[in-house]
*Asks:* 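Below is one structure. I have some questions about it.
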Amino acid sequence: MSRKPMMAGNWKMQKTHHEALAFVEALPAQTRQEDSVDMVICAPFTALTSLQHAFKGSRLQLGAQNMYFEEAGAYTGEIAPGMLLAAGCSHVIIGHSERREYFQENDVIVNRKVALALKSGLNPILCCGESLSEREAGGFEAKILSQVELGLQGVQMIPSYTERVVIAYEPIWAIGTGKTCDEIEANRILGLIRDHLARLYSQDVANKIRLLYGGSVKPSTIEAQIQMPHIDGALVGGASLEPGSYADLVRLTQQFGL
Ligand code: PGA
């Protein structure tokens, strides 16, 4: 079963639109045209339209880091899926642990966002993962599977959705800490998620959905990670901010992940 690898950058609350444009200009031409890896840059809202123009003629795809679960209305400060589509986004990160932790996003909210993203034509990157204390307490696998199940609740996995839904396992203790979850363990968790998707939908659906690992992924870690059978790519924060490092991640994914 071949799944196209994905290298998704999550810039978080970093880069003005000027800095975002400088990033694209500094990317090697070869990276911009790489078509064997889905390259998605999830940028701050204010950089989206600039990147939409800068990505023209390249294979780079644009993502947002959040959206609201209504199509329009009196929701001061929120962003609707239609606005993201108009700004050139194909993807949106949903339920990142920082959203869950600092902005009280629970599984119900995450589920509404996933459902609306799919309905609107955006590809959701649904995030899940345990904290250090949950890992140490044991039994954390059930929490991860429940985040996936509740996040997808009510979603009829029609054939086109299997290529559009992406799930990222990001252990919270590995995010931004430099402590990568080793690839054997990350692969084990992603394997559990795939088995759960097979139970929820079918083995065929589970085989098609892409599963990413996230948490301190760097050029020095990706080679081993991308060779694992269930790791179809990565969601990368810090190491996606520098053009050289992002280009290395794409190149190594292309080299070792196919
Ligand atoms: P990190 O962030 O690569 O800086 O650990 C990953 C993420 O939060 O998506």
Side-chain angles (χ1 to χ4, degrees), residues 5-15 19-20 23 37-45 47-48 60-67 89-105 110 113-114 117 122-132 134-135 140 143-144 147-148 151 165-183 185-187 189-190 193 210-226 228 231-253 257:
M6 175 177 284
M7 184 50 61
N10 174 12
W11 285 355
K12 310 194 181 188
M13 199 173 71
Q14 277 140 161
K15 292 194 194 292
E19 290 163 344
F23 172 95
V37 177
D38 268 341
M39 302 179 289
V40 183
I41 296 291
C42 300
F45 295 133
L48 294 178
L60 292 157
Q61 301 170 62
L62 194 55
Q65 302 166 17
N66 182 31
M67 56 166 249
C89 290
S90 49
H91 291 75
V92 58
I93 298 174
I94 293 185
H96 189 279
S97 63
E98 286 150 19
R99 300 289 324 163
R100 295 179 190 257
E101 188 179 346
Y102 306 134
F103 304 97
Q104 291 74 47
E105 286 196 15
V110 167
K113 292 184 175 188
V114 168
L122 285 165
N123 305 333
I125 302 174
L126 168 61
C127 300
C128 59
E130 82 287 359
S131 66
L132 186 58
E134 286 165 338
R135 176 166 277 265
F140 63 93
K143 178 210 170 174
I144 296 167
Q147 284 182 322
V148 171
V165 169
V166 177
I167 297 175
Y169 166 57
E170 299 203 305
I172 298 168
W173 48 271
I175 295 177
T177 58
K179 276 187 230 156
T180 323
C181 174
D182 80 68
E183 65 275 6
E185 173 63 1
N187 185 65
I189 301 294
L190 290 176
I193 293 175
R210 281 177 294 180
L211 305 182
L212 312 182
Y213 166 74
S216 297
V217 172
K218 299 178 277 294
S220 61
T221 66
I222 193 69
E223 177 179 334
Q225 289 162 333
I226 201 65
M228 301 306 292
I231 303 184
D232 304 319
L235 180 56
V236 185
S240 74
L241 291 168
E242 290 299 321
S245 152
Y246 183 73
D248 284 348
L249 287 166
V250 171
R251 182 178 48 77
L252 292 162
T253 299

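Indexing begins at 1, ligand by ligand and atom by atom, following the structure's order.
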*Asks:* Quick one: are M6 and N123 in side-chain contact, heavy atoms under 4.5 Å?
*Replies:*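 The answer is no; the side chains never approach within 4.5 Å.
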*Asks:* In terms of residue, atom name and distance, what is the protein heavy atom nearest to atom 4 (O) of ligand 1?
*Replies:* G238 N, 2.9 Å
*Asks:* Are the side chains of D38 and H91 in contact, using a 4.5 Å heavy-atom criterion?
*Replies:* no
*Asks:* Check contact between A239 and ligand 1, using heavy atoms of the residue and a distance below 4.0 angstrom.
*Replies:*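 Per 4.0 Å heavy-atom rule, A239 does not contact ligand 1.
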*Asks:* Quiz question: by atom type and distance under 3.5 Å, do the side chains of Q225 and T221 form a donor-acceptor pair?
*Replies:* yes
*Asks:* Provide the number and element of each atom of ligand 1 under 4.0 Å from a heavy atom of G215.
*Replies:*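 In order of number, 5 (O).
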*Asks:* Is there side-chain contact between M39 and Y246, with at least one heavy-atom pair below 4.5 Å?
*Replies:* yes
*Asks:* Of all the heavy-atom pairs spanning Y213 and P171, show the shortest one and how long it is.
*Replies:* CE1-CD, 3.6 Å
*Asks:* Under 4.0 Å, counting heavy atoms only: does G214 come that close to any atom of ligand 1?
*Replies:*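 G214: no contact with ligand 1 (<4.0 Å).
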*Asks:* Please find the pair of heavy atoms, one from R100 and one from G95, that lie closest to each other, and give the distance.
*Replies:* NE-O, 2.8 Å
*Asks:* Identify which of A168, P171, G176, G237 has a heavy atom lying nearest to atom 5 (O) of ligand 1.
*Replies:*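 Going through A168, P171, G176, G237 one by one, G176 has the nearest heavy atom to atom 5 (O) of ligand 1.
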*Asks:* List the closest protein heavy-atom neighbour of atom 7 (C) of ligand 1: residue, atom name, distance to the nearest 0.1 Å.
*Replies:* E170 OE2, 3.2 Å
*Asks:* State whether the shortest distance between N or O atoms of I175 and N or O atoms of ligand 1 falls below 3.5 angstrom.
*Replies:* no
*Asks:* If we only consider heavy atoms of H96, is any one of them less than 4.0 Å away from an atom in ligand 1?
*Replies:*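 The answer is yes, since H96 has a heavy atom less than 4.0 Å from ligand 1.
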*Asks:* Would you give the length of the straight line joining atom CD of E19 to atom CD of Q14, rounded to the nearest 0.5 angstrom?
*Replies:* 9.5 Å
*Asks:* For ligand 1, indicate whether the residue A174 contacts it via side chain, backbone, both or neither (heavy-atom separation under 4.0 Å).
*Replies:* backbone
*Asks:* Polar-atom distance check: V236 versus ligand 1, any N or O pair below 3.5 Å?
*Replies:*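 Looking only at distances, the answer is no, because the N/O contact criterion of under 3.5 Å is not met.
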